[in-house]
Engineer: 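Below you will find the structure I want to go over with you.
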Amino acid sequence: MEILKLSPVFKDYLWGGQRLRTDFGLNCDYDKIAEGWMLSCHKDGRNTIDGGKYDGETLEGVIERLGKEKIVGTKALAFPYFPVLIKLIDAKDNLSIQVHPDNEYAQRVEGEFGKTEIWYVIDAAEGAELIYGFKKKISRDEFRKAIEENTLTDVLNKVKVKKGDLFFIEAGTVHAIGKGVLIAEIQQNSNSTYRVYDYGRLGADGKPRELHIDKAVDVSVTEPPKYDTKPLGEKITAHNADSTLLTKCDLFTVNHYDVKTEITLDATKESFNHILAIDGSGEIDGMPLKKGDSFFVPAGYGNYKISGKCEIIVTNI
């Protein structure tokens, strides 16, 4: 089966900017492009295929027709759903402070799986920040009181960020992307989000956006995060490409490559590969590749080459 180029699904949330359009060449009719869903089989946004034998079909539809084991890989059989959702996110303004449920809570309350994710910082304005958990351990009652008394930001952990930083956001971690930050997000295939603070902003209907305080208090881990904010592996430098293992867990493995000339990767029968181009240009097995492109390499495809001068993020299971 051929490598599939995917068309993004766009979201125009009020905090979004223009960089996915101006920097990445992604276009849609929205005034703002907050998110580009670059790999998605979620009901809230399904990728279609751009060109080739399956042009215009959804990735989900092709997987269903040809078989999950054959296309997604044998490791995906452990998941009752397509395993991951990958986004580009442009925060021109602060995102709401939010938290995601774990699998048990999300399945029981929302009818879908929970959401653990990682953030790779593609770019950040000088002085830009993220919110990442709490400064110190507090009780759930203290958490609720901070929300009600509008002092939540006083107890949260704010982290200065720069290009290349990595954050592992385990389900239950209170978090928010700050203004001026552009990230790649690799997450479980879920859209369950509980908003706890939104800076008093109004939605498109002129009303304050809904908060989900009770659910957020139920699922939040009210203490500092236990994960380091560095890539899991050291950068390996070679004449043809620099490579870094960003994360490896039971949900996904993510690598970053800075390609200088050419590299050969492998999509085994165990898992598909997803290629997200975040800078530069080149080719993937002879197909043009440029910043902002998204490619799905089916499980069992075998060796494939990426050539040129480009920066890519590769995700598999």
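Atoms considered below: every heavy atom in the structure, side chains included; atoms not considered: hydrogens, waters and symmetry mates.
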Engineer: Go through the steps to decide whether D279 and I122 satisfy the test side chain to side chain contact (heavy atoms under 4.5 Å, CB included), and finish with yes or no.
Structural biologist: CA-CA 9 Å; D279 203 6; I122 297 172; over 6 Å; no

Engineer: Give a yes or no on whether the backbone of H256 and the side-chain of T244 come within a donor-acceptor separation of less than 3.5 Å.
Structural biologist: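 It does not hold such a pair.
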
Engineer: Working note: Y304 + I275, criterion side chain to side chain contact (heavy atoms under 4.5 Å, CB included); need CA distance, chi angles, decisive distance, verdict.
Structural biologist: CA-CA 11 Å; Y304 61 98; I275 311 299; 3.4 Å; yes

Engineer: I'd like to know if the side chain of S40 reaches the main chain of G45, judged simply by a donor and an acceptor atom lying under 3.5 Å from each other, with no hydrogens or angles considered.
Structural biologist: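 Here the side-chain-to-backbone pair exists.
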
Engineer: Kindly say whether E210 contributes a backbone atom to a donor-acceptor pair with the side chain of R195 at under 3.5 angstrom?
Structural biologist: yes

Engineer: Can a donor-acceptor pair be found, under 3.5 Å and without considering hydrogens, that links the side chain of R140 to the backbone of S220?
Structural biologist: yes

Engineer: Are any of the side-chain nitrogens in K32 or D90 under 4.0 Å away from the carboxylate oxygens of its partner?
Structural biologist: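 Between D90 and K32 there is no salt bridge, as every charged N stays at least 4.0 Å from the carboxylate O atoms.
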
Engineer: What I want to find out is whether K290 reaches D293 closely enough, with some N-O distance under 4.0 Å, to be called a salt bridge.
Structural biologist: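 A salt bridge is present here (some side-chain N lies under 4.0 Å from a carboxylate O).
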
Engineer: I'd like to know if D214 pairs up with R144 as an ion pair, taking the criterion as any Lys NZ or Arg NE/NH1/NH2 lying under 4.0 Å from an Asp or Glu carboxylate oxygen.
Structural biologist: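 Here D214 pairs with R144 in a salt bridge, since their nearest N and O are under 4.0 Å apart.
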
Engineer: May I ask you to decide whether E64 forms a salt bridge with R46, counting only side-chain N to carboxylate O separations under 4.0 Å?
Structural biologist: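 A salt bridge is absent here (no side-chain N lies under 4.0 Å from a carboxylate O).
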
Engineer: State the CD1-OG distance between I312 and S294, to the nearest 0.5 angstrom.
Structural biologist: 12.0 Å

Engineer: Between D258 and A241, is there a donor-acceptor pair closer than 3.5 Å when you use the side chain of the first and the backbone of the second?
Structural biologist: no

Engineer: Between N157 (side chain) and Y132 (backbone), is there a donor-acceptor pair under 3.5 Å?
Structural biologist: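 Answer holds: yes.
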
Engineer: According to side-chain contact (heavy atoms from CB on, under 4.5 Å), who are the partners of D266, at least two apart in sequence or on a separate chain?
Structural biologist: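 Checked D266 against side-chain contact (heavy atoms from CB on, under 4.5 Å); matches are T268, N303.
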
Engineer: Linking directly or through intermediates, with side-chain heavy atoms under 4.5 Å: list the remaining ILVMFWY members grouped with L245, chain and number order.
Structural biologist: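 Besides L245, the hydrophobic cluster comprises L232, listed by chain and residue number.
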
Engineer: Are K162 and D165 ion-paired here, with the side-chain N under 4.0 Å from a carboxylate O?
Structural biologist: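 D165 and K162: salt-bridged.
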
Engineer: Are the side chain of Q188 and the backbone of T116 linked by a donor-acceptor contact shorter than 3.5 Å?
Structural biologist: yes

Engineer: Take N191 and E110, measure what side chain to side chain contact (heavy atoms under 4.5 Å, CB included) needs, and give me the verdict at the end.
Structural biologist: CA-CA 10 Å; N191 203 27; E110 306 297 343; over 6 Å; no

Engineer: Not counting sequence neighbours, which residues clear salt bridge (Lys or Arg N to Asp or Glu O under 4.0 Å) with K305? List them please.
Structural biologist: E262

Engineer: To the nearest 0.5 Å, how far apart are NE2 in H175 and CD in E170?
Structural biologist: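 So the gap between those two atoms works out to 12.5 Å.
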
Engineer: Using 4.0 Å as the upper bound for N to carboxylate O, is an ion pair formed by K87 and E117?
Structural biologist: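 Looking at K87 together with E117, the answer is no, because their closest N to O distance does not fall below 4.0 Å.
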
Engineer: With no hydrogens and no angle check, is any side-chain donor or acceptor of K70 less than 3.5 Å from a backbone partner on G300?
Structural biologist: no

Engineer: Do the side chain of T48 and the main chain of S7 share a donor and acceptor less than 3.5 angstrom apart?
Structural biologist: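 Answer holds: no.
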
